[in-house]
There are 2 protein chains.
Amino acid sequence: MGEENSYEAIHEYFTKYLREHKHRRTPERYAILEHVYSYEGHFNADILYNLMKQDYRVSLATIYNSLDLLVECKLIIKHQLGNQYAQYERAFGNNNLHHHLICTNCGKVKEFSDKPIRVAIQSKAFVHFKMSHYSLYLYGICGKCKDELKKGIIHIPRFTEDSDDF
Amino acid sequence: MGEENSYEAIHEYFTKYLREHKHRRTPERYAILEHVYSYEGHFNADILYNLMKQDYRVSLATIYNSLDLLVECKLIIKHQLGNQYAQYERAFGNNNLHHHLICTNCGKVKEFSDKPIRVAIQSKAFVHFKMSHYSLYLYGICGKCKDELKKGIIHIPRFTEDSDDF
DNA sequence: TTTGTTGCAAAACGTTTGCAGCCTC
DNA sequence: GAGGCTGCAAACGTTTTGCAACAAA
């Protein structure tokens with residue numbers, strides 16, 4: 001898609017995708033796209049369902065169905081960060097070139113951006129694999145939890161050959 | 001398994017962890033650790049359960065309970081690659097310094113290793129976040145599926161385990 | 001003895017599916 | 001008019017939980 005990330009461009013892109021794949025252009029699908037693209041940050045199916053219920057009659061099944069479709073046409077990105085709700089975020093109009101920090105203690109998710117990492121990953125090529133996108137999750141302990149856990153810290157010996165100094 | 005010394009260290013580390021956290025050293029926990037550390041590659045709770053059932057009386061609940069414990073003490077790594085079974089792999093004695101290629105068509109998972117990527121990620125430091133480990137997943141289309149898609153075979157929503165080279 | 005852990009079964013959870021009717025093409 | 005899509009509810013598959021019995025501390 002072009003670099004114009006206005007909502008009209010998104011809408012048009014979706015229309016083109018639906019038409020080319022012989023999927024029907026239903027009002028539900030457009031309503032879902034609209035809500036998704038006016039939502040800042042990460043959301044899940046339930047959040048979206050409850051948000052939409054306020055002013056639109058839509059079922060959870062249709063939400064899931066449409067989210068799949070939006071993932072398929074790369075308008076949104078799906079993250080499975082645990083066995084709770086899958087998380088989604090829009091792919092355009094958002095700063096989507098980010099990675100995720102996940103606190104293994106409290107489960108909080110934060111985003112960060114890092115060019116060297118991005119370059120290293122994107123310059124990787126495979127003979128028998130065509131990369132479309134990637135997800136990088138860094139797990140650890142956030143500042144808040146670090147303070148709270150200070151009492152019970154145990155020493156963890158490293159069995160790995162490479163030592164990692166963060 | 002030819003790594004007697006290694007396994008002794010693992011066993012000892014686990015014992016220390018259990019003791020320091022005031023968790024009981026039950027035969028089930030050691031049996032699970034043993035099976036996990038003699039399993040090559042990725043596995044899930046169900047695979048482990050069925051494997052252990054053959055020569056050990058253990059319940060799925062205890063499997064899950066113990067896997068959590070092993071994740072907690074960093075003896076195994078957990079991957080949530082979709083909303084199917086969570087996948088685990090041992091953290092030591094294995095080449096765990098790898099990333100994952102995931103085919104978005106057939107769901108096949110393949111490992112690869114890349115030093116520049118590893119270095120870029122590991123050299124990253126945060127003020128309010130202490131990284132313990134990370135997961136990098138590259139999504140795309142594997143060679144096999146690329147060929148099949150070319151011939152018009154559409155979507156194969158299957159999760160396979162056989163390792164073809166990417 | 002105390003109480004953390006177990007096996008078992010049932011419940012919980014997010015997601016998918018079956019179906020009758022609706023609506024896009 | 002055909003059949004893809006919808007809402008609804010029931011079913012699904014994975015994981016967690018409640019509980020009585022057990023066993024490690």
Side-chain angles (χ1 to χ4, degrees), chain A residues 11 14-33 35 42-73 76 78-88 107, chain B residues 14-33 35 42-73 76 78-88 107 154-159 161:
Chain A
H11 188 284
F14 190 44
T15 296
K16 193 176 166 218
Y17 178 85
L18 291 175
R19 187 170 286 140
E20 286 180 357
H21 288 75
K22 300 202 194 314
H23 292 138
R24 298 202 170 156
R25 277 152 269 148
T26 66
E28 287 83 2
R29 288 177 175 169
Y30 283 107
I32 288 165
L33 176 66
H35 280 83
H42 293 231
F43 62 91
N44 60 44
D46 193 58
I47 289 174
L48 186 60
Y49 176 57
N50 284 296
L51 183 68
M52 291 193 69
K53 259 202 316 199
Q54 296 172 11
D55 56 18
Y56 201 92
R57 183 172 177 263
V58 71
S59 71
L60 241 191
T62 299
I63 296 267
Y64 276 107
N65 181 24
S66 299
L67 287 175
D68 279 353
L69 212 53
L70 291 175
V71 168
E72 238 173 80
C73 71
I76 61 174
K78 180 178 180 176
H79 301 282
Q80 192 82 45
L81 300 175
N83 58 341
Q84 69 260 128
Y85 285 106
Q87 305 219 53
Y88 300 87
Chain B
F14 190 44
T15 296
K16 191 175 170 220
Y17 179 86
L18 291 176
R19 188 171 286 140
E20 287 181 358
H21 286 75
K22 302 204 193 317
H23 292 139
R24 294 195 176 163
R25 278 153 271 146
T26 67
E28 288 83 3
R29 288 177 174 168
Y30 283 108
I32 288 165
L33 176 66
H35 279 83
H42 292 229
F43 61 91
N44 60 43
D46 194 58
I47 288 174
L48 186 60
Y49 176 58
N50 284 296
L51 182 69
M52 291 194 69
K53 260 202 316 198
Q54 296 172 10
D55 56 16
Y56 201 92
R57 183 170 178 266
V58 71
S59 71
L60 241 192
T62 299
I63 296 267
Y64 276 106
N65 181 22
S66 298
L67 287 176
D68 280 352
L69 212 52
L70 291 175
V71 168
E72 236 173 82
C73 70
I76 61 175
K78 179 178 181 177
H79 300 283
Q80 192 81 45
L81 300 175
N83 58 340
Q84 70 259 126
Y85 284 106
Q87 305 220 51
Y88 300 87
I154 307 191
H155 201 81
I156 309 163
R158 278 287 300 158
F159 184 82
E161 295 186 36

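Residue numbers begin at 1 in each chain, while the letters A, B, ... track the order of the sequences.
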- Query: With a 4.0 Å cut-off on heavy atoms, is A:N65 in touch with a base, just the backbone sugar-phosphate, or nothing at all?
  - Reply: sugar-phosphate

Here the pair of heavy atoms bringing A:Y88 nearest to A:N44 is CD1-CA, 4.3 Å

Contacts of A:R29 and B:D46 projected onto DNA chain D by closest heavy atom; the upstream (5') one is A:R29

Taking N or O atoms only and anything under 3.5 Å, show me the protein contacts with nucleotides 21-23 of chain C, one pair per line.
none

Do any N or O atoms of the protein come closer than 3.5 Å to N or O atoms of nucleotides 7-9 of chain C, and which pairs are they?
| from | atom 1 | to | atom 2 | distance (Å) |
| --- | --- | --- | --- | --- |
| C:dG7 | OP1 | B:R57 | O | 3.1 |
| C:dG7 | OP1 | B:S59 | N | 3.4 |
| C:dG7 | OP2 | B:S59 | N | 3.1 |
| C:dG7 | OP2 | B:S59 | OG | 2.6 |
| C:dG7 | OP2 | B:T62 | OG1 | 2.0 |
| C:dG7 | O3' | B:R57 | NH2 | 3.0 |
| C:dC8 | OP1 | B:R57 | NH2 | 3.4 |

Note: B:Y49 and B:V58 closest approach over all heavy atoms is CE1-O, 3.2 Å

- Message: One pair to check against side chain to side chain contact (heavy atoms under 4.5 Å, CB included): B:L60 and B:Y64. What are the steps and the verdict?
- Response: CA-CA 6 Å; B:L60 241 192; B:Y64 276 106; 3.5 Å; yes

Applying side-chain hydrogen bond (donor to acceptor under 3.5 Å, both in side chains) to B:H35 and not counting sequence neighbours gives none

Can I get a per-line list of side-chain donor-acceptor pairs under 3.5 Å for residues 18-25 of chain A, giving both atom names and the distance, sequence neighbours left out?
| from | atom 1 | to | atom 2 | distance (Å) |
| --- | --- | --- | --- | --- |
| A:H21 | ND1 | A:Y17 | O | 3.0 |

Classify the nucleic acid contact of B:Y85 as base, sugar-phosphate or nothing, counting any heavy atom under 4.0 Å across all strands shown. sugar-phosphate

Report task. Would you indicate whether the side-chain heavy atoms of A:L67 and A:L48 approach each other to under 4.5 Å? Result -> yes

Original post:
Do B:Y56 and B:I32 have side-chain heavy atoms sitting under 4.5 Å apart?
Top reply: no

From the candidates D:dT14, C:dT15, D:dT6, the one with an atom nearest any side-chain atom of B:Y64 is D:dT14

Hits for side-chain hydrogen bond (donor to acceptor under 3.5 Å, both in side chains) against B:Y30, two or more places apart or cross-chain, chain-then-number order -> B:T15

Rounding to the nearest 10°, end axes of the helix from C:dT1-D:dA25 to C:dC25-D:dG1 built from five pairs each make an angle of 40°

* Asked: Side chains of A:N65 and A:R29: closer than 4.5 Å at any heavy-atom pair?
  -> yes

